[in-house]
Every structure is written in structure tokens, then in C-alpha cells.
Amino acid sequence: MKDTLQLLIINSLESLKENGVIEELPESIRIDHSKDKSQGDFACNIALVLSKQAKCTPRNLAEKIVSNLTVSDKVDRVEIAGPGFINFFLSHESNTSVIENIIDEGEGYGSSNVGNGKRVLLEFVSANPTGPLHVGHGRGAAYGATVSNLLRAVGFEVNNEYYVNDAGRQMDILATSVYLRYIGTEKFPDNGYKGDYIKSISDQLSGIDKVDILPNVKASSDDSNDIERYMDDLIVSCKMSLGESYKVVFDTAINNILDGIKRDLSGFGVEYQKWFLEQSLIDSGLSNKTIKTLQDSECIYEKEGALWFRTTDFGDEKDRVVVRENGNHTYFASDIAYHLEKLERGYDKIINIWGADHHGYIARVKASISALGHDPDKLEVLLVQFANLYRKGKKVSMSTRSGSFVTLKELCDEVGNDAARFFYILRKSEQHMDFDLDLAKSKTNENPVFYIQYAHARICSVLKQASEKFADSSAYDLSLLSNDYEVSLIKSLNRYKGVVQSSALNYEPHVLAYYLRELAGNFHSYYNGSEFLVDDSALRASRLLLISSVRQVISNGLKLLGVVAPESM
RNA sequence: GCGCUCGUAGCUCAAUUGGAUAGAGUACUCGGCUACGAACCGAGCGGUUGCAGGUUCGACUCCUGCCGAGCGCGCCA
């Protein structure tokens, strides 16, 4: 419908151009849904945009545009309002036709092909496998999964990917922590992983010698400045004492945790096409090869025994180390190789969803993409702000190392997947968000997700009773749907497709969530103000068709959000 | 100190991406079940959009400077 109106405007503008009223045609013409029904169904601001070059007032220009509009049977009338908006009032028939479209297309209604089959790689969560996912990760998981659903719905081919940091010092700290629990030492270091899950993993170890690795350590655990070196010494001692068995401890630890992460995400309705292991970049030699490539193109220099990547040449604030003095690659080195590998897989777009604490890495990753001869704009980084957790009005601080955190699974068990998924995406991702655990747990009825699900269940209930009480009747007449409730409901239905598209293209799932709430609200008002199962069969059939289409849209929308649309609750 | 993300009703958040009178939920005050599910509906109350300038037909939105919050600024991940 927008296209039709755009065409009408363009035709009018072209004739105005011939008459010399305007000089240039605009690049694009915005047609928006009106927010108030006194402003019709669609509004166009083109007269305000062009008034300067037309050298007349916006209202004046609007009148000229309108007088040149060709008549369409889809448009009842056109008005000029406010500073010069052109408001279109559509015919009742063109508004109600959406109902039949929804019924015809069913579950497919709302999807489109604006993505044109372009391939997108979407990486999200990617939390280090050093412990179970906590509620902080939940936001990224819900957001990523929903963005993925939305992009698929509008015609992109999307692959979801989780990057597993299974190499590096943190993993050694994890393995050492597990071993220390296994031998049951009393002197567990403060900077080890202290969560209860470490003990559970150590319980699964058997047949490995219990050697006290603490005496071999030189640095002191009492010196707070030395605490990280103390940990490094512990790791070395652990590796030396265990020999071959170290790998068993290491693998047991990571496999347990990774399995748990996979299970939690799957239970949360989040599916991945690929779990990409950092270790595979090292094993395949890609990490080394990438650094070699950068060295050949003279992007790398040596300073104080380390290799530095000249990222400042590509807009970063300072140069970054890729190979440490001790010969180990940094996390950044793996990341360069990983992004190169992603690009070489041939995606049209690469999206990373990161926690807001990683924003400092965007510049250096983009720099590395440029340095390797790729287009840095192919990478889009979406930042998700932290969720501050509150319990009994007090902020809960969380840390994986100290083991004090609320896990994602605990949250889902307490409030349910639907409420958790919905709650997470209800806020714009870059908005800081307060997650009140007591509110989510104790007052779940106030969560808007139930409000929407309730509308769906109510419609199902009405439809069920209709089919029991009345024989089939397809003789509907949509022109009968003319009371205020019906008009605003139909207006909302007409917006759905556009909402899905903008929600997807802007990576803003909350827009869809708010829309569904509004649609459900319109339905609840309708329900309380009108009776559906009336004696007049044509009116009854029309109203039932209308609420069937509402049910379909709610169901389709909730599915995109990963929320169940129940027939009863 | 520098950088990033923010600041909207008592509280939690929206605002068609620069549009018309800034809207929902919650809290509070009234009212509505012998109709298809009251997990609902209706009415009211609630605002100098952190502050001060600027850009233009038009600013919560863009620019500048302050104030405040969170996060970054390591040869950690």
C-alpha cells in the first residue's frame, strides 16, 4: 500500500517539476502510518521536505501536490493538516483486505524477502567456558536468537555461531581449579574459580594421582601484588606434576562446562549452527599464518620482545600486542584470525553481538579487517548493555571466579522461558536495564508476555466455542466491521509487516514486542466492548474472521520472539 | 584524564529513526463480571525529555559545552 501511495506522489511531483514548481525530485519519499486516526491511515511529509526548493510554504506546496494526485479507488480522501502533512484516508475495503491476506498466508504472514537471500553470520553469547551461563549472558542470548529469527523472517540466510575460547590462560586456571578441588586442598587461591560447579566436575575425575602441587610454587599467595603470578606458578606446577593426566583434567573441565552451556541455551530456545573452537585456529595454523601475512605487509613491528600490530594506521587509539614476550599469542591474535576466517567463508554481512564492556575492541578488530584487505563495514558490532540485577532492592554483584551469580537456568526455572525471553528483549539493547529478580519471580502475572498470551488464549477459546455452537458459515462481509474497536484493530493489523521489517533491519526486537502488546490491548478492548457470537451470521462470521487474523498475527509475532502462543493457560 | 553507551512521569521503559497534542506498564484514586476466560476493560492522577546554548518549517532524536551513571583505556580473556 505504501508503494501505491508513493507512486501517486511521485507522479504528482513529476508533473510539478514540468511546471517548474520544483527543481529536483527527492531521493526517497517517506510514507508513514499515521498515529492518530484523525490523521487518516498514512501520512506523507514530502511537502515539508521540499518547501525550501519550491520557495513556498509547506501547506501551499502540499495543496499543489494534492491537486495533481490521480484518483485511486483505494483512497477515499486526502487531507492537508498541521504544518503541511498530506494525510491519506484509505477506503474501508483496502484496509480490511489485510484480514484475508493474513488468513490466506497463515504462519507465513509477515515474512518477506527484503533480505534477498543475503548470507549473514551472527555470532552471539560466546561466553568463556569457565562456568555456567548467568543471567547477564541471558540478555545476549535472547537478543541474538530473536535478531536471528527476525532476519530470517525478512529473507536473510542466517547462521548462528558461538565462538568458544577454549585456549589460553583462563582455561588453565579452570583446569587447575578443578584439580585443586580434586585433591581437596585447604589453601584454595582467591583468584581460582570457586563456584560449586568446580567441585562437581572434580567429583567426576577418577584414577588420577592426588599430588599436592602447592609446595612447588615460588610466588607467595599472601602478596596481593603477586597473586596472578602465584596462579601462573600453580598452573605450571599442576602441568608438571600431572604430565599426561593434565589433559584429562583439562578436557573434563571444559567438556562439562561446554555441555552445560549447550544444554542451557538449547533449553532457552537458542540454537546454533556452529560452535567455533579457538583452539582450531591454532591447530590449523591459521593463527600463525595470519600473523605472518601481517608481518609480510609490514603491519607488525617488534618492541620490547613482543610483536605489535600497527592498528593505529587503521584508526585505533594505540597499537596492540599480538605475540607476547613469552611467545604466546594474545586473545586478539586469535580474534584477527577468526574474523579473517569468517570473511573468507563468504558472508555478505558479519554481525557480532558483544557485551558493552567489549566496545573497546571494535576499533582494533575493524583495523585488522582493513589491514588484511577486507571491507571493515562488513562487520557490524551490536553492543548489549549490562543488566543490573536487583534482589530485595539491592544490586547483586556477579563474578564467575568468585562463584557468586544467578545462572540463566535458575532464572528460567523460576520465571519460565517465555517471561525470561520476553523480558530480556523488551528493552532496547543499548539501554541499561534493571532486572528485578523479585519482580520477575513474585509478580509474573504482571509481565506483559502473559497479557499477550492471554489474548491469544482468549481468541482460541472463542473460536472453539463458535465452532461448537454454530455450523460453518463462510458468508462473511468485511464491510460490517466498522465500529471503533474494529477500525483500530484493523489499523494495527496493517502495521504488522512493516513492524517486522523495521524490527529486523534495525536489530530492534523490542519494537515487535511493543507492537504485540498494543495489538493484544486492542483486542482486549474489543473483547470487552463487542460480542462476537451474535445471532447475525454474517456479522458473526466477519468478527470471527477478524479475531482469527489477530490470533494468527499474535502467534506469528510471538514465535519470532521465541515465546509460546498457548491455546489455553 | 581520554574514549564508548546512556540520562524521558514516583518506579521500569517506549516514542514510526528529524515530524503533528511525548506514550505504555506499574503505583495511587474511582467504576465495570447472569455475554464469548476479570491473567481483562473504562476513567482519573502523574512531564521544563539532566542543565545551557546552537542547527531548521519542526529537536526526546542532530552539533557544542557542562552535570550525573555504567563500561572500557594490560604483553588478561
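Naming: A, B, ... by sequence-line order, numbering from 1 per chain.
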Please list, pair by pair, any protein nitrogen or oxygen found under 3.5 Å from a nitrogen or oxygen in nucleotides 42-44 of chain B.
unit_1: B/rG42; atom_1: OP1; unit_2: A/Ser525; atom_2: OG; d: 2.9

Tell me which pairs pass salt bridge (Lys or Arg N to Asp or Glu O under 4.0 Å) where either residue lies in residues 514-530 of chain A, with sequence neighbours left out. A/Arg495-A/Glu518
Among residues 169-177 of chain A, which contact RNA chain B at a heavy-atom distance under 4.0 Å? A/Gln170
Residue list, side-chain hydrogen bond (donor to acceptor under 3.5 Å, both in side chains) with A/Gln385, at least two apart or on another chain: none
So what's B/rC4 paired with, Watson-Crick or G-U wobble, going by both distances under 3.5 Å? B/rG70
Using ring pair (Phe, Tyr, Trp, His ring centres under 6.0 Å) as the criterion, list what pairs up with A/Phe423, not counting sequence neighbours. A/Phe435
Ring pair (Phe, Tyr, Trp, His ring centres under 6.0 Å) involving A/Tyr485 - partner list, sequence neighbours excluded: none
Got a sec, which residues hit ring pair (Phe, Tyr, Trp, His ring centres under 6.0 Å) with A/Phe314, two or more places apart in sequence or on another chain? none
Does anything in residues 509-519 of chain A reach RNA chain B, meaning a heavy atom under 4.0 Å, and if so which residues? A/His510, A/Tyr514, A/Arg517
With ring centroids as reference points, do A/Tyr162 and A/Phe276 lie under 6.0 angstrom apart? no
Quick one: which protein N/O atoms are closer than 3.5 Å to N/O atoms of nucleotides 3-8 of chain B? Pair and distance per line, please.
unit_1: B/rG3; atom_1: N2; unit_2: A/His359; atom_2: NE2; d: 2.6
unit_1: B/rU5; atom_1: O2'; unit_2: A/Gln385; atom_2: NE2; d: 2.8
unit_1: B/rU5; atom_1: O2'; unit_2: A/Glu430; atom_2: O; d: 3.2
unit_1: B/rU5; atom_1: O2; unit_2: A/His432; atom_2: NE2; d: 3.3

Extract from the structure each pairing of a protein N or O with an N or O of nucleotides 19-22 of chain B at less than 3.5 Å, listing the distance.
unit_1: B/rG19; atom_1: N7; unit_2: A/Asn45; atom_2: ND2; d: 3.0
unit_1: B/rA20; atom_1: OP2; unit_2: A/Lys35; atom_2: NZ; d: 2.2
unit_1: B/rA20; atom_1: N6; unit_2: A/Asn87; atom_2: OD1; d: 2.8
unit_1: B/rA20; atom_1: N1; unit_2: A/Asn87; atom_2: OD1; d: 3.3
unit_1: B/rA20; atom_1: N1; unit_2: A/Asn87; atom_2: ND2; d: 3.1

Sequence neighbours left out, what passes side-chain contact (heavy atoms from CB on, under 4.5 Å) with A/Lys2? Give chain and number order. A/Ile31, A/His33, A/Phe42
Under 3.5 Å, which N/O atoms of the protein pair with N/O atoms of nucleotides 28-35 of chain B?
unit_1: B/rA35; atom_1: N3; unit_2: A/Glu531; atom_2: OE1; d: 3.1

